[in-house]
Amino acid sequence: MYKKILGFTILLVVLFGMQSVEAASPTYKTVQSTQLKASTQKGAKTLMTVKANTKVDLLSKTNSWAHVQIGKTKGYLSMRSVMPLETPIASYDMNEVMSYKGTDIVSISGVSYKIDPALKPFFQKNGTALRSMIVVPKTSGRTLTGWKQLSFFPFGQRASSLVIDKAAASRIDSFHIPSTNFTLTTAGPLRQVVANAYAHYPPLDDDKQTLTLNGQIEQLHTAGEVQIAGKGTIERWDISKDTEYSYEIPVRYSGEVGFLNIRNTDVVVRGTSTLNVRTVAAPTKTHVLGGKNGVIGSIKPSKTIRGKKMGKAELAIDKMFSNVNEASVTTTLDTLNISYTKARVGDYVTALRQNEAAGPNKRLVNSATDLKDIVRLVDAVMMTKQTTPAYVHTSDRQLTVQTFHDHVDNASYSSQYARAVTAMVTDGTLQTIRFKRPLIEKKEWYVSQEKGQAFIYDFPVGLTRIVTIDGNTTRSLVMETKAVARPNDSQSRIELVSINDKPLAAYQQEPPAYEAKVVESGSRTYVAVRSGDKEWLRNIHFFNVDVNANHRTGGPVSTDKINLGGWKSSETVIFPLYDTKRLNNLTIQSFGYKDAVYK
């Protein structure tokens with residue numbers, strides 16, 4: 001989905017110094033009751049007292065003062081007492097492809113337009129980067145005059161930077177940046193920058209994005225894990241609350257953020273001494289604003305709208321995280337009067353070391369309530385004794401184990417994150433525990449099978465319990481392994497003996513008889529699989545099919561409603577078939593069964 005902002009006039013801001021530039025601006029509002037002064041001089045006359053949340057028109061600004069207009073009255077307010085209003089990101093039904101080949105003509109969805117003279121330097125400076133873009137253009141007749149939205153999602157080779165001159169900056173309503181390392185340099189105020197970096201799932205370490213912003217950005221919107229660098233001014237920075245995992249935003253930025261609006265309770269924004277935050281709003285009144293696990297790290301904002309600075313509990317937790325060991329954890333729990341089991345202090349240490357800061361799939365720990373919950377959940381994991389059904393699949397030398405399976409949810413589980421817990425306990429010792437995991441937990445290990453034995457890699461020896469906790473629902477299973485000596489070798493291998501006291505062969509039943517056919521519904525194609533064995537059918541979770549000699553595709557069960565042509569829906573599952581319409585070497589994977597191959 002591509003988005004825009006409502007049009008508004010441009011705010012010119014001097015990045016450093018006390019000079020002021022007169023210009024129209026987006027609407028601001030007061031963050032507290034404050035006095036409107038006739039001038040910036042000491043002892044200047046008070047024109048009126050302005051209530052909190054009063055909208056004002058900003059005429060100009062310096063580092064300390066905002067020249068504003070309220071109704072017909074003009075005067076000066078302290079910059080600490082105002083912040084810009086948010087300009088929402090709006091979506092468009094139609095986005096077009098813009099192609100540029102280095103001339104005075106640009107093609108938009110195959111139609112040629114002249115480039116407005118004011119935009120020619122921008123195209124000439126960034127010709128390679130602008131070769132093919134996705135845009136919502138502004139046009140006058142057959143002339144391109146600007147963009148409601150300029151999305152930097154180029155077709156073909158990606159560029160890593162863009163330089164925007166003053167004229168071009170004034171012609172761009174909204175600039176969208178992809179989830180890659182990118183440097184944006186603007187000579188004029190840029191109205192809106194949107195960076196949705198991995199908004200719905202955590203990036204791999206190699207995929208983490210650094211966004212370098214040089215110049216003045218009036219409004220920055222981010223969602224997901226991204227590092228902010230550069231030099232300049234960001235008038236307003238909104239951090240989305242919609243991201244479904246915990247993460248940290250390191251800020252290596254030299255300049256000022258006028259208003260930092262953090263909406264996500266599981267985000268840490270960690271700044272340095274080169275960053276100045278004028279006004280901040282944190283998610284809740286109990287959110288922390290300082291320290292290692294604080295919302296904005298070591299930065300002290302001039303004004304806090306929501307949130308609070310570190311109190312006794314937060315200071316104790318911050319000190320504990322400087323050296324997490326049994327002594328520091330015990331001292332902190334005693335100081336905060338949190339009940340705990342002395343025999344499990346080592347397990348609490350494991351949990352806190354693995355989850356001390358916001359990160360992919362982790363839980364942010366920054367208050368006494370969070371620490372108390374960590375203790376409660378570790379206790380729950382260690383006290384779990386019952387086992388629940390294990391969902392096991394072996395294929396292509398991979399072992400997949402889940403504590404829960406429902407094919408109705410299978411198509412969407414990878415993007416569903418909640419305050420769920422997953423843990424591994426071996427012979428009574430907590431090995432790993434992670435918070436905010438997928439609602440359906442899946443574990444995969446590499447196995448090799450020789451003469452009826454299954455050898456598993458990267459797994460502890462002994463009885464290992466895998467536990468998932470989702471709200472009031474706890475599921476667990478036990479995997480038993482033992483060390484087996486290698487002939488003529490000092491090293492041993494790890495044999496998987498059983499899962500929930502059943503040998504691995506118990507989860508490798510022969511698949512039943514079944515039928516399969518291709519079904520076309522509207523513009524989409526599906527493969528339908530029918531069988532009278534409802535247990536096998538219920539546990540189906542994936543399929544594969546040969547597209548050609550070089551490509552094999554597959555996917556999870558679909559929940560779409562289609563016409564099955566007489567087949568009963570209770571005896572049928574369907575899969576979306578994107579790349580082909582033939583069932584060449586169709587393979588059906590079902591928990592507890594060997595792969596079923598349809599030829």
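No hydrogens, no waters, no symmetry mates; every other heavy atom, side chains included, goes into these values. One is the number of the first residue; the rest follow in order along the sequence.
Outside the 6.0 Å centre-distance limit, the rings of Phe455 and Tyr457 are not counted as a close aromatic pair. Ring centroid separation for the pair Phe182 and Phe152 comes in under the 6.0 Å cut-off. Ring-centre distance between Trp445 and Phe459: below the 6.0 Å cut-off. Ring centroids of Trp536 and Tyr514 are separated by less than 6.0 Å, placing the two rings close together. Between Trp567 and Tyr526, the gap from one ring centroid to the other reaches at least 6.0 Å.
Ala528 and Thr572 make their closest contact through CB-CG2, 4.0 Å (heavy atoms, listed as atom of the first residue, atom of the second, distance).
At least one cation-pi condition fails for Arg131 and Tyr100: the charged atom is not both under 6.0 angstrom from the six-membered ring centre and inside a 45 degree cone around its axis. Remark: Arg475 is positioned above the aromatic ring of Phe404, its terminal NZ or CZ atom under 6.0 angstrom from the ring centre and at most 45 degrees off the axis.
Each of Asn584, Thr580, Asn585 was checked for a side chain to side chain donor-acceptor pair (under 3.5 Å) with Asp546, and the lone residue meeting it is Asn585.
With hydrogens and angles ignored, the 3.5 Å screen pairs no side-chain donor or acceptor of Asp207 with any backbone N or O of Pro203. Here the side chain of Glu225 pairs no donor or acceptor atom with the backbone of Ala197 at under 3.5 angstrom. Looking at Thr128, its side chain never comes within 3.5 Å of a backbone N or O of Ala159 through a donor-acceptor pair. Asp470 contributes no side-chain N or O that, together with a main-chain N or O of Thr473, makes up a donor-acceptor pair within less than 3.5 Å.
Other residues, nucleotides and ligands contribute over 12 non-hydrogen atoms within 6.0 Å of the NZ atom of Lys138. By the 6.0 Å contact criterion, CG on Asn548 is enclosed, its count of non-hydrogen atoms from other residues, nucleotides or ligands being greater than 12. For Lys443, the NZ atom is densely surrounded, since the number of other residues' heavy atoms within 6.0 Å is greater than 12. Residue-environment remark: CZ (Arg582) stays at or below the threshold of 12 foreign heavy atoms within 6.0 Å. Under a cut-off of 6.0 angstrom, the local environment of NZ in Lys517 is crowded, with over 12 non-hydrogen atoms contributed by other residues, nucleotides or ligands.
The pair Asp238-Arg263 meets the salt-bridge criterion, with a side-chain N (NZ, NE, NH1 or NH2) lying under 4.0 Å from an Asp/Glu carboxylate O.
Between the side chains of Arg465 and Thr387, no donor-acceptor pair is found at a separation under 3.5 Å. Side-chain polar atoms of Ser395 and Asp595 form a donor-acceptor pair below 3.5 angstrom.
A distance of 5.0 Å separates CG in Asp173 from CZ in Arg191, rounded to the nearest 0.5 Å.
In this structure the side chain of Ile177 never reaches within 4.5 angstrom of the side chain of Val194, judged on heavy atoms.
For Glu535, the side-chain hydrogen bond (donor to acceptor under 3.5 Å, both in side chains) partners two or more places apart in sequence, or in a different chain, are Asn539.
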